[in-house]
Every structure is written in C-alpha cells, then in structure tokens.
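Before any comments, here is the structure.
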Amino acid sequence: AGKSVSLVGALEKMLAPARAVSKKLLARSAVKARNAIAACLQLESGAKVYCFEALFSSGKNPYAFSRQYVPLAIGEALVERSIEVPDIPSIEAIALTRVERARQFIKPIAADAICAKHLELKQRSPILEVTRTFYRANDLPLNTSIVFFHPDRYRYEVELIARGNGKGR
C-alpha cells in the first residue's frame with residue numbers, strides 16, 4: 001500500500017479565502033449518496049444528500065472541479081437562500097454550528113471524461129483528488145467535498161516545523 005503520512009495543520013489557514021478565484025456552479029441536485037459519501041457523512045447507505053458541482057478558475061484557466069455533498073436539509077436551505085457555490089462559512093450559518101476539524105485525503109488518479117472536460121485535459125491525464133470531510137462538535141460531519149485539481153494549475157505546499165529538540169526522529 002505504500003507509505004502514509006499524516007500532518008496536522010490549522011483549519012483557519014485552509015478555509016482562508018483564495019484571491020482572484022472565480023467559482024461557477026455547474027449543477028446542484030438531491031442525489032442518492034454513494035456508499036463512500038454516505039460513510040463520510042455518517043448516513044445510511046443510499047440516503048439522499050445534496051450535491052453541488054462547481055468549477056474554480058484563476059483568470060480563464062480552470063484549476064479545480066468539485067463535488068460538494070451536504071445533508072439534504074442543509075442543501076435545500078442553501079438553495080432556498082440562493083447560495084450557488086457553498087463555502088464552509090455559508091454552511092456553518094445554515095447549520096447554526098461551527099466546523100471544529102476536517103480530515104483530508106489526497107491521492108493521484110487518472111481523469112475520467114467529466115473531470116478531463118472541466119479541467120481542459122485529456123482523459124486519463126493524471127490529476128489530484130482531494131477528499132475533505134468537515135466536522136462540527138461531537139465529530140458529526142457537516143460536509144464532504146471531493147475536489148479534482150489540474151496538475152499544472154494547482155500546487156499543494158506544506159511547511160513542516162520541528163517541535164522540541166528533535167529527539168525521536
């Protein structure tokens with residue numbers, strides 16, 4: 001399976017708004033949750049969730065395509081309030097709660113036809129898939145996002161800082 005590395009970082013830094021980014025809603029609808037999404041959101045398999053598909057661009061170039069899943073009631077409230085591409089603060093406002101933590105998994109995948117089209121790539125091109133689940137208090141999930149990133153238009157950077165005297169390495 002290879003090596004797995006776990007890092008801990010500040011949620012506030014990840015949620016900070018990006019500059020010069022445009023968001024475009026591609027689709028939104030109530031859908032039957034696939035098993036993986038239902039598990040992330042701690043719902044029964046096949047439960048209805050709301051899915052928002054969006055494209056993120058810097059200038060004219062798309063760098064990310066996302067599918068964001070929220071519990072059905074939250075999705076309906078977002079639509080009712082005309083929030084097209086929800087962000088965590090808008091979801092927190094609807095749910096009347098704060099995100100306390102998030103888990104993120106990153107893996108390389110081959111772009112399927114839909115991702116390739118939106119990211120302006122050839123099908124089967126390598127892309128990054130980032131799955132993030134945001135949790136409120138008591139470890140209750142609030143949102144799961146799957147974001148697909150263009151390999152030449154997105155860079156993921158992590159700064160690692162030593163703690164203590166460095167013993168135990």
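None of the values given here were measured: they were computed from a predicted structure.
How far CZ of F134 is from CD of Q104: 8.0 Å, rounded to the nearest 0.5 Å. Here the straight-line distance linking atom CD1 of I74 with atom OH of Y50 works out to 13.5 Å at 0.5 Å rounding. D152 contributes atom CG, which lies 7.5 Å from atom CG of L121 (distance to the nearest 0.5 angstrom). Atom CG of N35 and atom SG of C40 lie 11.0 Å apart (nearest 0.5 Å). The CD1 atom of I37 lies 11.5 Å from the OG atom of S45; values are rounded to the nearest 0.5 Å. For the atom pair NZ (K24) and OG (S22), the distance works out to 9.5 Å, reported to the nearest 0.5 Å.
When only modelled atom types and interatomic distance are considered, Q123 and D112 share no side-chain donor-acceptor pair under 3.5 Å.
The minimum heavy-atom distance linking P62 with S57 is given by the pair CA-OG, 3.4 Å. What you find for F148 and E129 is that their closest heavy atoms are CE2-OE1, 3.5 Å. For the residue pair F65 and C115, the shortest heavy atom distance occurs at CD2-SG, 3.8 Å. Minimum heavy-atom separation, V147 to A64: CG1-CB, 3.8 Å. When all heavy atoms of F52 and E84 are compared, the pair lying nearest together is CD2-O, 3.4 Å. Heavy atoms only, all atoms of each residue included: L142 and V70 are closest at O-CG1, 3.9 Å.
Under a hydrophobic-cluster definition in which Ile, Leu, Val, Met, Phe, Trp and Tyr are linked whenever side-chain heavy atoms come within less than 4.5 Å, directly or via other members, I83 and F56 are assigned to the same cluster. Connection of V85 to Y154 is established within a shared hydrophobic cluster, with ILVMFWY side chains joined at heavy-atom distances below 4.5 Å, either directly or through further cluster members. Hydrophobic clustering (side-chain heavy atoms under 4.5 Å, transitive across Ile, Leu, Val, Met, Phe, Trp, Tyr) groups V99 together with L78. Taking hydrophobic clusters as Ile, Leu, Val, Met, Phe, Trp and Tyr residues chained together by side-chain heavy-atom distances below 4.5 Å, I91 shares a cluster with V21. Taken together through direct or relayed side-chain contacts under 4.5 Å among Ile, Leu, Val, Met, Phe, Trp and Tyr, I146 and L26 form part of one hydrophobic cluster.
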Evaluation steps, side-chain contact (heavy atoms from CB on, under 4.5 Å), between F149 and V130: CA-CA 8 Å; F149 289 99; V130 178; 3.6 Å; yes
L55/L25 under side-chain contact (heavy atoms from CB on, under 4.5 Å): CA gap, chis, key distance, verdict: CA-CA 7 Å; L55 193 61; L25 178 68; over 6 Å; no
Residue pair Y63, L119: steps toward the side-chain contact (heavy atoms from CB on, under 4.5 Å) verdict: CA-CA 6 Å; Y63 70 87; L119 295 175; 6.0 Å; no
Check against side-chain contact (heavy atoms from CB on, under 4.5 Å), H150 and I127: CA-CA 6 Å; H150 191 292; I127 59 175; 6.0 Å; no
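Taking 4.5 Å as the limit, some side-chain heavy atom of V79 sits within range of a side-chain heavy atom of R28.
The pair E120-R153 counts as a salt bridge, with a side-chain nitrogen and a carboxylate oxygen less than 4.0 angstrom apart. Here D139 pairs with R101 in a salt bridge; the nearest charged N to carboxylate O distance falls below 4.0 Å. Using a 4.0 Å cut-off between a side-chain N of Lys or Arg and a carboxylate O of Asp or Glu, E100 and R136 do not qualify as a salt bridge.
A donor-acceptor pair is defined here as one N or O able to donate and one able to accept, closer than 3.5 Å; no such pair exists between the side chain of Q68 and the backbone of T144. A distance-only check finds no donor-acceptor pair linking the side chain of R103 to the backbone of R132 [under 3.5 Å]. Without hydrogens or angle criteria, Q42 side chain to P141 main chain gives no donor-acceptor distance under 3.5 Å.
Within 6.0 Å of CD1 on I114 lie no more than 12 heavy atoms contributed by other residues, nucleotides or ligands.
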